[in-house]
Structure formats: structure tokens, C-alpha cells
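What follows is one structure encoded as C-alpha cells, with my remarks underneath.
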Amino acid sequence: MTKTALITGITGQDGSYLAELLLEQGYAVHGVVRRASTPNLERIAHLQERITLHPGDLLDQMSLVRVLEAVQPTEVYNLAAQSFVPASWEQPLLTGDVDALGAARMLEAIRTIGAQGIRFYQASSSEMFGRVAEEPQRETTPFYPRSPYGVAKLYAHWITVNYRESYRMFACSGILFNHESPRRGLEFVTRKVTNAAARIKLGLSQKLTLGNLDAQRDWGFAGDFVRAMWLMLQQPEPKDYVIATGRKHAVRTLVELAFGHVGLDWRKHVDTKPSLMRPAEVDHLRGDASLAKHELGWEPTVTFEELVRMMVEADLEQESSSVGH
């Protein structure tokens, strides 16, 4: 029997990689997209002949009920979110409505249609650890979120646990540490850096302005991380897992690698600006994914250095073609 997956956030970085993976596994893949005057389908353009898109919104529970009834999925991956952490201070209520209550609406929609057999994945975040109590962070590390985004994700995480325990739903969360790719949005620091390195190399730009160069993150490749999402829903019992590489790097190291790859001295091109600092910073995150390795057989395949090179190369290619070089 063909499995059917429903992905919210299918037009995002993770959604596009997950859709590719599920198609490879023989799934029928459906996605939820918000109605917009100009929908951004760029990341899934190459898949559009092979996937089915449905209008729906995490702010509108009846739209989720309708999509679930139409698709009858075996697996639901809730990846849709306001996912840019700095924006969560500017839009804390929207972030809460989408990231926190959106997950609750989807879980309740699944319960409403009585589809107890659906397996549900919630995209949790390492930002829930915030001011970290221990290093590395694992499944048992206490949470202390430091942004409206982290707080919203924490609600979504615990409501998933609650539905699992209250209604015996197969519902689990992946506590994913930072994961990047050439499909990452330009507002995120990794892509901001790799794109700037490419543009400065090509003479299209002179400067890059950043905030905290000392913040440290555990960065992996999105293509590796979506594999972990899928593996979680193939287990006999639902459980939450930390997904991470176990290595952390400073933003400064990211900048050095990206600019070094194109033969530039980053110090001549990068400025810092206090206004780009977060109101409450998360200084360092590093995950311990040994439970995922032991129980899911999951390990990252792309190193941080390979990831930065991959992103810079993709940006060089994209920026070159846009100016007709």
C-alpha cells in the first residue's frame, strides 16, 4: 500500500528536501500552502508535477480538517512556522499563533476527524534550550527559551507530548539543531554570509554587516536532517529525539570559511552592528544526537566545512547567472 504524506511548510527549505526524500521512498506527497497573491513555490518548482498542493493555513483549523479529510494521510509533518528568530520579537503574537497554536490546531484537527492511525511529526527546535543548562544538550536537558520563537516552539513541543499521552496518538517531535542548505532564506545568517561572499567575489557588493560574531551554533545539512524526521515516524513507538551534528562553530568561523573559499580576507569586507544583536542572546548550542544514532541509525553525512562550501558554490552559480556572466 502506498503511504501518503501531508507536509505543512512544503514550500520551505525543509519541506522541499522532505518532499524529495518521501518521493524517493514511494510516497504520495501532498502539501499545505497558504493562499497568497504570489505564492512562493520556487523551492518545489522541480517537484510540482509529482506532488499535490492544497490551500490551508495553520491559523484556520477548519481548513486543516478539510485537507486531512481530502488527503487521508498516513503521516503528517508539521514544518510550517514563522521560523526567523529575530522576527519573533517584532511579531511575538503572530509567532505564537502560527508556531504554538498552529501545532495544536493540526493535532486537534487530526483528533477531530478520528484519524488515530495518522503518525504526526512536530518540528521542534534547539532554540527551546536557550540559556543552556548543560552542554551538549540532549533529550533530558531542561528548556529555557530566550526568544518568542523559542517559547512558541516549546508550547508546540509540549502540546505534542500531551496529545500523545492523552489520546495515544503517534505524535513525536524532532528537536532539530540549526540546519542549512543552498535553499535557506537570505535573511538567515548562514545564507546571508555565503551569499555576501559570492556577491563580493563577483563585484556585485562590497560589504556585509552582521551582529554577534561570537554566537556559536551546531550547524548541519538540511538534507540530512529531514531523513531523521522520516525515520522517527517509522519507529514502533513515538518518541522525541535531538538531531544535531555534535560540533559547534562561531559565526566568525562561518564567515572565515565562506570568504576563504572565494579567496577573500573577510576582515576587509565584514562590519558588525550592535542593532543586529538579539535582545536576549543564545550564546552556544551543541546537540547530543546519540539517542537518534542508537535508535534510528541516524548520523549526519555532510560536515560543516562541506556545507559552507556547498552553499557558497550555489550562491556563486546563482549570482553569476543573474548578472549574465
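Note that the structure is a prediction, hence the values are computed from the model and not measured. Count residues from 1 along the sequence.
- Linking ILVMFWY side-chain heavy atoms closer than 4.5 Å, directly or via other members, places Leu58 and Ile7 in two distinct hydrophobic clusters.
- No continuous path of hydrophobic side-chain contacts links Leu18 to Phe120 [ILVMFWY only; heavy atoms under 4.5 Å].
- For the pair Phe129 and Tyr144, the minimum side-chain heavy-atom distance is 4.5 Å or more.
- Under the 4.5 Å side-chain criterion, counting only non-hydrogen atoms from C-beta, Asp315 is not in contact with Arg199.
- A pairwise comparison of heavy atoms in Phe170 and Pro236 identifies CE1-O, 4.0 Å as the closest pair.
- For the atom pair CE of Met311 and CD of Glu306, the computed distance is 14.0 Å after rounding to the nearest 0.5 Å.
- Annotation: side chain of Ile175 is in contact with side chain of Met128 (closest heavy-atom distance under 4.5 Å).
- A distance-only check finds a donor-acceptor pair linking the side chain of Asn40 to the backbone of Glu42 [under 3.5 Å].
- The aromatic ring centroids of Phe221 and Tyr17 lie less than 6.0 Å from each other.
- For the pair Ile10/Ser16, no side-chain contact is recorded, criterion being any heavy-atom separation below 4.5 Å from C-beta on.
- Looking at Thr194, its side chain never comes within 3.5 Å of a backbone N or O of Val312 through a donor-acceptor pair.
- Glu305 pairs by the salt bridge (Lys or Arg N to Asp or Glu O under 4.0 Å) definition with Arg247, not counting sequence neighbours.
- By the side chain to side chain contact (heavy atoms under 4.5 Å, CB included) test, Lys248 is found to be paired with Glu135, Gln216, His284, Arg286, residues two or more places apart in sequence or in another chain being considered.
- Residues passing the side chain to side chain contact (heavy atoms under 4.5 Å, CB included) test with Glu295 are Lys239, Tyr241, Leu291, sequence neighbours excluded.
- With rounding to the nearest 0.5 Å, the separation of CD in Glu237 from SG in Cys172 is 11.0 Å.
- Residue pairs meeting the side chain to side chain donor-acceptor pair (under 3.5 Å) criterion with at least one partner in residues 54-64, sequence neighbours excluded, are His30-His54.
- Formation of a donor-acceptor pair under 3.5 Å by the Asp288 side chain with backbone atoms of Gln137 is not found in this model.
- Put simply, the side chain of Glu139 gets close to the backbone of Val242: a donor and an acceptor are under 3.5 Å apart.
- Side chain of Lys153 to backbone of Ala123: a donor-acceptor contact under 3.5 angstrom is found.
- For residues 294-313, every residue pair satisfying the ring-ring contact (aromatic ring centres under 6.0 Å, His included) rule, not counting sequence neighbours, is listed here: Trp219-Phe304, Phe225-Trp298, His249-Phe304.
- Smallest separation of non-hydrogen atoms from Gly287 and Pro136: C-CB, 3.9 Å.
- For the pair Arg119 (side chain) and Gln235 (backbone), a donor-acceptor distance under 3.5 Å is present.
- Met232 has its side chain within reach of Leu296: a pair of non-hydrogen atoms, C-beta onward, lies under 4.5 Å apart.
- With a 6.0 Å radius and a threshold of 12 heavy atoms from other residues, nucleotides or ligands, Arg34 has its CZ atom at or below the threshold.
- Side-chain contact between Trp158 and Tyr163: absent, with no pair of heavy atoms (C-beta onward) separated by less than 4.5 Å.
- Residues Val33 and Met106 do not share a hydrophobic cluster, defined by chaining ILVMFWY side chains whose heavy atoms lie under 4.5 Å apart.
- Residues Tyr121 and Ser173 come closest through the heavy atom pair CE1-C, 4.2 Å.
- Going from atom CZ of Phe177 over to atom CD1 of Ile243 covers 10.0 Å, rounded to the nearest 0.5 Å.
- Heavy atoms from other residues, nucleotides or ligands lying under 6.0 Å from NZ of Lys268 number 12 at most.
- Transitive grouping of hydrophobic side chains (ILVMFWY, heavy atoms separated by less than 4.5 Å) brings Val67 and Leu64 into a common cluster.
- Under the salt bridge (Lys or Arg N to Asp or Glu O under 4.0 Å) criterion, Arg43 pairs with no residue at all, not counting sequence neighbours.
- Within the structure, salt bridge (Lys or Arg N to Asp or Glu O under 4.0 Å) pairs that include any residue of residues 93-109 comprise Asp97-Arg105, Glu108-Arg111 (at least two apart or interchain).
- Here the CG-OG1 distance, from Asn178 to Thr190, works out to 8.0 Å after rounding to the nearest 0.5 Å.
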Next item on the list: Show your reasoning for whether side-chain hydrogen bond (donor to acceptor under 3.5 Å, both in side chains) applies to Asp271 and Thr209.
Entry: CA-CA 5 Å; Asp271 296 327; Thr209 307; 4.8 Å; no
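- What you find for Ala28 and Thr2 is that their closest heavy atoms are N-CG2, 3.7 Å.
- In the hydrophobic clustering of ILVMFWY residues, with side-chain heavy atoms under 4.5 Å counting as a link, Leu264 and Leu213 come out together.
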Next item on the list: Run the numbers on Arg138 and Glu134 for salt bridge (charged side-chain N to carboxylate O under 4.0 Å, His left out), then give the verdict.
Entry: CA-CA 9 Å; Arg138 48 184 69 85; Glu134 63 179 354; 3.4 Å; yes
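- Summarising the hydrophobic clusters (Ile, Leu, Val, Met, Phe, Trp, Tyr; side-chain heavy atoms under 4.5 Å, direct or chained), the residues clustered with Phe84 are Phe188.
- Residues satisfying the salt bridge (Lys or Arg N to Asp or Glu O under 4.0 Å) test with Glu20, not counting sequence neighbours, are Arg183.
- The two residues Ala258 and Val193 come nearest to each other via the heavy atoms CB-CG1, 3.7 Å.
- Arg164 places no side-chain N or O within 3.5 Å of a backbone atom of Met169 that could act as its donor or acceptor partner.
- Remark: Val270 engages Leu208, Leu210, Val255, Phe259, Trp266 in a side chain to side chain contact (heavy atoms under 4.5 Å, CB included) (not counting sequence neighbours).
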Next item on the list: Check the pair Asp224 / His179 against side-chain hydrogen bond (donor to acceptor under 3.5 Å, both in side chains), numbers first and verdict last.
Entry: CA-CA 9 Å; Asp224 283 339; His179 46 288; over 6 Å; no
Please tabulate, for the side chains in residues 72-81, all donor-acceptor contacts under 3.5 angstrom to protein atoms that are two or more places apart in sequence or on a different chain.
from: Gln72; atom 1: NE2; to: Glu69; atom 2: O; distance (Å): 3.1
from: Thr74; atom 1: OG1; to: Thr4; atom 2: N; distance (Å): 2.9
from: Thr74; atom 1: OG1; to: Thr4; atom 2: O; distance (Å): 2.8
from: Glu75; atom 1: OE1; to: Tyr27; atom 2: OH; distance (Å): 3.1
from: Glu75; atom 1: OE1; to: Tyr77; atom 2: OH; distance (Å): 2.6
from: Glu75; atom 1: OE2; to: Tyr27; atom 2: OH; distance (Å): 2.8
from: Glu75; atom 1: OE2; to: Gln234; atom 2: NE2; distance (Å): 3.1
from: Asn78; atom 1: OD1; to: Thr8; atom 2: OG1; distance (Å): 2.7
from: Asn78; atom 1: ND2; to: Gln122; atom 2: OE1; distance (Å): 2.8

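- Here Ala314 pairs with Pro182 under the side chain to side chain contact (heavy atoms under 4.5 Å, CB included) rule; sequence neighbours left out.
- Proximity of Leu22 to Trp230: side-chain heavy atoms (C-beta onward) are separated by under 4.5 Å at one or more points.
- The side-chain hydrogen bond (donor to acceptor under 3.5 Å, both in side chains) test with His261 singles out one residue from Glu313, Lys201, Arg309, and that residue is Glu313.
- No side-chain heavy atom of Ile200 sits under 4.5 Å from any side-chain heavy atom of Val262.
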